[in-house]
Amino acid sequence: MIHFPAQRRGPLSALSLRLAAALGLVLLTVAVVFLDRNGYRDVDENGLTLLDCAYYTVVTLSTTGYGDITPFSPSARLVNVLFITPARVLFLIILVGTTLEVLTEQYRTGRRLGRWRRTVKDHVIICGYGTKGRSAVSALLENGLDKSRIVVVERSGTALRQATSAGLVAIEGSATRSSVLEEAHVRNAKAVIIATDSDDASVLVALTARQLTAGQVRIIAAVREAENAPLLRQSGAHHVIVSSATAGRLLGLSTSAPPLIDVVEDLLTPGQGMALAMRSAERHEVGKSPRELESLVIALVRRGKVVTLADKAGAVIETGDMLVHVRDDRPQTTATHP
C-alpha cells in the first residue's frame, strides 16, 4: 500500500467531526422539543416524555415523519418552522456532505496514485525509516534532492506515519519482497539505500534489488558487523557502510585525538562550518595540481574510482575528473548597514 504525504484532514477525521456535529444537532433539537413538550400530542392525545421527544427528533430530522407525534400549539408550530425545519436541512447537509467528502478523497487519492506512478523516475528508495534511514533522508535533502524523489519502504506503522508527516511518499511492506520494490518502481530508481535494522534483512534486500534491476541501479547498504560487508557486496551492494566499525573508530579517536572528533562531526553536520562536497573539474583547472586550487581538494574521482592526492595519478587534474573538496557550510548572513 502506498501512503502519500498528508495534505489535508483525513476522511476519518472529517467523518468524526461531522458525526459529532450531527449528534450535537440531534441533542439540541431534543432539548428544544422537550422544553416545549406541552405543545405536542401523540395519536392518543397524550403529552411527550423525554423518550418521545428524542423519538420525534430522530424521525423528523431523518425526514421519515411517521406523523404519530404532531405539534398542535402555535408556539410548537412556530418552533418547527424556525428551528426544526432548518435543523432537518442542516442534518441532511451533514450526512450528504460526509459521503461526498469521503468519495472525493478516494477519487483524489486515486488520481495522485496514478499521477505518481506515471511520473516517478530517477528517485531514491530508502529501505527502512529508522535512525539510519531518517539520517539518509536528511542528507539527501541537504544536498538538494526534492522530497518528491524520495520513496520510503517500511513495515512499521509508526515509521510510515513519520515518513508521511515529513512529506515523503511511503510504501507499506517489507523491502525483501520483490512485489514491494516493484511497487516502488525500483527499475526506474536512481539508487536504493538499505537502512534496515538487521544485517540479514539487508542482504535479502540487496539480493532482491539486484535481481529486479540487473545491477543497473546503485545499491548502498549499511551493516552493523564488518564480517557481513563482503556478503553484502556479493549480494549486489555497490557500497557498504559498516556502522559499528565506524562508530568504534570514532570512539578510539575520541581518546587518542579528541579534536579530530570535532572535525569529523563538523564535516558530517550541515551548517556547522565545513562540509564535504563534490563538483566537476572546470576547464581552466584541467592540467593543474589539485593543491594549487583555491578550494581545499582532498581527493579526485576519476572514471568512478577515488584517486587520492598521494597517488601519482592524483597529481594533475584530468578532463572529466570530479573534485572532492571541503566547502564552507556556515549559514550565510547578510550584513546590515546603518
Side chain to side chain contact (heavy atoms under 4.5 Å, CB included) between L145 and I150, intermediate numbers included = CA-CA 8 Å; L145 188 67; I150 299 176; 3.6 Å; yes
Same apolar cluster: [X] and [Y], side chain cutoff 4.5 Å:
X	Y	answer
L309	M322	no
V306	L323	no
V120	V153	yes
L48	V59	yes
I317	V301	no

Do we see a donor-acceptor contact under 3.5 Å between the side chains of [X] and [Y]?
X	Y	value
T49	D52	yes
R218	H239	yes
D200	S198	no

Listed by chain and number, what are the ring pair (Phe, Tyr, Trp, His ring centres under 6.0 Å) partners of Y56, not counting sequence neighbours?
->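 Y56 satisfies ring pair (Phe, Tyr, Trp, His ring centres under 6.0 Å) with Y40 only.
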Has the side chain of [X] got a donor or acceptor atom that lies under 3.5 Å from a matching backbone atom of [Y]?
X	Y	value
R134	A163	no
H185	T119	no
D321	S280	no
E154	Y129	yes
E285	E282	yes

Using atom types as modelled, flag every donor-acceptor pair under 3.5 Å from a side chain in residues 286-300 to any protein atom, sequence neighbours excluded.
{"from": "S289", "atom 1": "OG", "to": "R291", "atom 2": "N", "distance (Å)": "3.3"}

Using a strict 4.0 Å threshold on nitrogen-to-oxygen distance, state whether E318 and R302 make a salt bridge.
->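 A salt bridge is present here (some side-chain N lies under 4.0 Å from a carboxylate O).
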Which atom pair, heavy atoms only, marks the closest approach of [X] to [Y]?
X	Y	answer
V242	A229	CG2-CB, 4.0 Å
R210	G236	CD-CA, 3.5 Å
I126	A136	CD1-CB, 4.5 Å

With side chain to side chain contact (heavy atoms under 4.5 Å, CB included) as the test, would you mind laying out the steps for I193 and L140 before giving the verdict?
-> CA-CA 11 Å; I193 296 178; L140 291 172; 4.2 Å; yes
Side-chain contact, heavy-atom cut-off 4.5 Å: [X] with [Y]?
X	Y	result
H325	R279	yes
N228	E225	yes
V223	I241	no
R233	H238	no
V124	V151	no
S202	L232	yes

Could you go through the side chain to side chain contact (heavy atoms under 4.5 Å, CB included) check for T196 and K132 one step at a time?
-> CA-CA 8 Å; T196 59; K132 292 180 289 187; 5.9 Å; no
May I ask you to check whether over 12 heavy atoms, not counting those of D311, lie within 6.0 Å of atom CG?
->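 Count over threshold, so yes.
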Any chance CZ of R177 has more than 12 other-residue heavy atoms, nucleotides or ligands included, within less than 6.0 Å?
->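 No - once you tally the heavy atoms of other residues, nucleotides and ligands closer than 6.0 Å, there are 12 at most.
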Name the one of N188, L181, V186, T208 that satisfies side-chain contact (heavy atoms from CB on, under 4.5 Å) with T213?
->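 The residue from N188, L181, V186, T208 that satisfies side-chain contact (heavy atoms from CB on, under 4.5 Å) with T213 turns out to be V186.
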Check V192, V152, T176 against C127 for a side-chain contact (heavy atoms from CB on, under 4.5 Å) and give me the one that passes.
->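 That would be V192.
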Rounded to the nearest 0.5 Å, how far does OG1 of T57 lie from CG of L27?
->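 If we round to the nearest 0.5 Å, L27:CG and T57:OG1 are 9.5 Å apart.
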Could you check R149 against K147 for side chain to side chain contact (heavy atoms under 4.5 Å, CB included), going step by step and ending with a plain yes or no?
-> CA-CA 5 Å; R149 294 181 58 193; K147 285 185 177 181; over 6 Å; no
Sequence neighbours excluded, which residues qualify as side-chain contact (heavy atoms from CB on, under 4.5 Å) partners of A315?
->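 If we apply the side-chain contact (heavy atoms from CB on, under 4.5 Å) test to A315, skipping adjacent residues, there are no hits.
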